[in-house]
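Working notes, beginning with the structure itself.
Below, chains carry the letters A, B, ... as their sequence lines are ordered, and counting in each starts from 1.
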Amino acid sequence: MTKITFITQDNESIIVEGNSGNVMELAVQNKIKGIEGNCGGVCSCATCHVHVQPEDWDRVGAPSTLESDMLEFDDHVSEYSRLCCQINVDDTIDGIVLKVAN
Amino acid sequence: MTEAASNKTCIVIGASHAGVNFAFALRRNGWAGEILVYDSDPELPYHRPPLSKGYLSAQDNSQLDLLFPKENYESENITLNLGKKVIAIDKLLKTIELSGGSKQGYDTLVLASGARPIVPKIDGLQGAKNVFSLRTFGHTVGIQRALLASVNKRVVIIGGGYIGLETAASLKKAGANVVVLEREKRVLERVTAPEMSVFFKDLHHANGVDLLTSKNVISIENSSGVSTVICDDKTSYEADVIVVGVGIEVNTELAAQAGLELENGIKVSTSAKTNDAHIYAIGDCTFHYNQHYKRYIRLESVQNAVDQAKVAAAAICGNEVNYDVIPWFWSDQYDVKLQMVGLSQGYNNVIKRIELGNEKCQSVWYFRDDDLLAVDAVNNGKAYVLGTRFIKGKQILDKSKLKDVSIPIKPTSFLLD
Ligand SMILES: Cc1cc2nc3c(=O)[nH]c(=O)nc-3n(C[C@H](O)[C@H](O)[C@H](O)COP(=O)(O)OP(=O)(O)OC[C@H]3O[C@@H](n4cnc5c(N)ncnc54)[C@H](O)[C@@H]3O)c2cc1C
Ligand code: FES
């Protein structure tokens, strides 16, 4: 099981567990406020925007061109922004902390 | 607060993007009573967009893209009544009637009944085997089975709108031979500028799909399992599978029978209320006012379904919010992502950009005089995001700069000096 901690805009910290699918799906299942996943996870809506903790960045990895284009001019962008529907849930990200951007 | 009363019942007709998102939003807004959601579709509510995209080309379709897992309905105490069709509303008694005759009372009713595919009047269409629309999971499964069972895998798609084109791309990927027949002079005529139509026509040709325009289908002849699709210019196309994607019509029968105000859909206020104080309507079935474009519109999009759902939920719980958004939409075909924002209707000039060194990265900017109305972005998230910002902010742009592709797309690139 991969553990992920979400920190919402209200500063609520929620630890969730999963072993398949993508991080957006896991967030929706666990009703994480601010993650909607309106496009179903195809990098079209940016309703799944998170900020990765700097120390976790290398494990999570950089976004694709399509994804970074969506993020670059987003009002809430940071240098550690990702659209979490584009992050797979697997061992490599066990223990990461994601701050919900919206 | 009345909405906190736990003895109230909210009934939702339709368990898709609008109805389901509404049900969860209603709980979030503090509704303590019952939430009963009805849908004639037996499947646990799912995302529709993948039906014509990834889902149709995938080999293994055991996993539906669910809107929410089953447990979430249970934990939020949302009762899903699937495979149940609502056949009447009695707005005086405040009850609905199910096929089979049972009745259920409501305090608040929400119509999220969406739309259904139009069945065009084409001779022989009714009797033809292997003719499918594409709106539900059942349709997708039907198309896949028919394709699997056919040897020649010849697919004819009637209609070159988004669903027709996505279906063409997906079935091509799944190994079919695909012909698209569009009645108008160009594909996507209803929704994009000619520049975009040309782009998509070329894209499909490059991928080996026969995309034909000015093809008005008048009849289908069937013999021994193979259909022949005949156009009014006397051309004909053989098909093992036919997919019809010529648009949708709104499910308004219940609303009409209940005497709700109709006009190109169920007419609602900016808080999603119908002309009956206890009945709301959301999603594809509504005809609603857009504050930015200052007119009544009907949309067919996930964005509208989800956003209107939130507005209705808040309004029902006494937190008035106004529906005020810029519509957006996307379409995925092959390796191309099209993202659209705004409403281009009424434009009188466009600017097209092809980014330097990347001809698959394009955008079309629609203006009425100097007002930016809409942007279509192809593999171009930057144009999409900034287009959204400019439209929302009613930003006047320097068109000569926008035209100049040596100036990259940046927040301040196209502002007037
Ligand atoms: C193949 C396909 C691809 C699409 N791609 C995109 C896309 O890429 N991007 C995008 O934004 N949008 C896309 N759309 C459009 C999007 O899916 C719709 O806008 C959205 O589903 C609208 O949601 P809705 O809940 O308002 O209506 P619907 O999804 O139409 O749902 C209405 C529901 O009500 C039920 N219902 C109706 N009447 C009754 C009754 N009397 N009793 C019980 N149940 C009833 C129906 O069974 C249905 O499940 C696509 C649609 C299709 C079909
Ligand atoms: S869910 Fe839409 S971009 Fe991630």
Side-chain angles (χ1 to χ4, degrees), chain A residues 1 4 6 8-10 12 14 16-49 62-78 81-86 88-89 100-102, chain B residues 17 21 24-25 27-28 46-51 53-55 63 65-72 75-76 301-307 309-310 328-332 335-341 355 358 361 377 379-390 392 408-413:
Chain A
M1 276 290 188
I4 299 172
F6 288 97
T8 67
Q9 284 287 307
D10 314 330
E12 200 187 343
I14 302 151
V16 306
E17 284 188 334
N19 52 15
S20 64
N22 64 56
V23 174
M24 177 278 288
E25 289 166 354
L26 198 59
V28 169
Q29 280 162 27
N30 289 282
K31 300 169 218 159
I32 304 296
K33 202 173 156 198
I35 303 287
E36 297 190 357
N38 286 344
C39 75
V42 297
C43 206
S44 293
C45 69
T47 63
C48 65
H49 185 176
S64 67
T65 313
L66 178 71
E67 185 188 336
S68 61
D69 282 355
M70 287 284 285
L71 286 165
E72 188 171 340
F73 303 134
D74 190 285
D75 293 340
H76 304 282
V77 72
S78 83
S81 280
R82 288 293 313 263
L83 297 174
C84 68
C85 67
Q86 303 299 304
N88 284 331
V89 177
V100 180
N102 293 299
Chain B
H17 289 273
N21 279 291
F24 283 98
R27 273 287 178 250
R28 276 201 304 279
Y46 50 88
H47 285 273
R48 284 196 202 282
L51 295 179
K53 304 183 180 77
Y55 212 80
Q63 201 112 36
D65 261 313
L66 297 181
L67 288 173
F68 293 91
K70 196 160 181 258
E71 303 78 61
N72 286 34
S75 67
E76 296 297 294
S301 76
V302 168
Q303 170 274 320
N304 177 56
V306 174
D307 288 339
K310 289 184 207 159
W328 55 265
F329 187 82
W330 77 95
S331 175
D332 295 326
D335 55 347
V336 167
K337 177 176 291 295
L338 170 66
Q339 291 171 283
M340 286 145 286
V341 57
E355 298 312 312
N358 185 358
C361 184
N379 294 329
N380 193 340
K382 290 182 191 176
Y384 171 72
V385 173
L386 283 185
T388 307
R389 188 188 297 179
F390 295 151
K392 265 191 192 145
I409 299 181
K410 293 225 165 88
T412 52
S413 291

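B/Val341 places none of its side-chain heavy atoms less than 4.5 Å from the side chain of B/Phe390.
Taking every heavy atom of both residues into account, A/Ile35 and A/Cys84 meet most closely at CD1-SG, 4.2 Å.
Put simply, of A/Ala46, A/Cys43, A/Gly21, A/Gly41, the one with the most heavy-atom pairs under 4.5 Å next to chain B is A/Cys43. Top candidate by heavy-atom pairs under 4.5 Å with chain A, chosen from B/Pro411, B/Ala383, B/Ala377, is B/Pro411.
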With 3.5 Å as the limit, can you list every donor-acceptor pair between chain A and chain B, backbone and side chains included?
from, atom 1, to, atom 2, distance (Å)
A/Val28, O, B/Asn72, ND2, 3.4
A/Gln29, O, B/Asn72, ND2, 3.1
A/Lys31, NZ, B/Ser75, OG, 2.8
A/Lys31, NZ, B/Glu76, OE2, 2.9
A/Glu36, OE1, B/Lys310, NZ, 3.1
A/Glu36, OE2, B/Lys310, NZ, 2.8
A/Val42, O, B/Lys337, NZ, 2.7
A/Ser44, O, B/Gln339, NE2, 3.2
A/Ser44, OG, B/Lys337, NZ, 2.7
A/Glu72, OE1, B/Lys382, NZ, 3.3
A/Phe73, O, B/Arg389, NH2, 2.5

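Taking CG of A/Leu83 as the reference point, atom SG of A/Cys39 lies at 8.5 Å (rounded to 0.5 Å).
When heavy atoms are compared at a cutoff of 4.5 Å, B/Leu66 does not approach chain A at all.
Listed by chain and number, the residues in a ring pair (Phe, Tyr, Trp, His ring centres under 6.0 Å) with B/Phe24 are B/Phe68, B/Tyr73 (sequence neighbours excluded).
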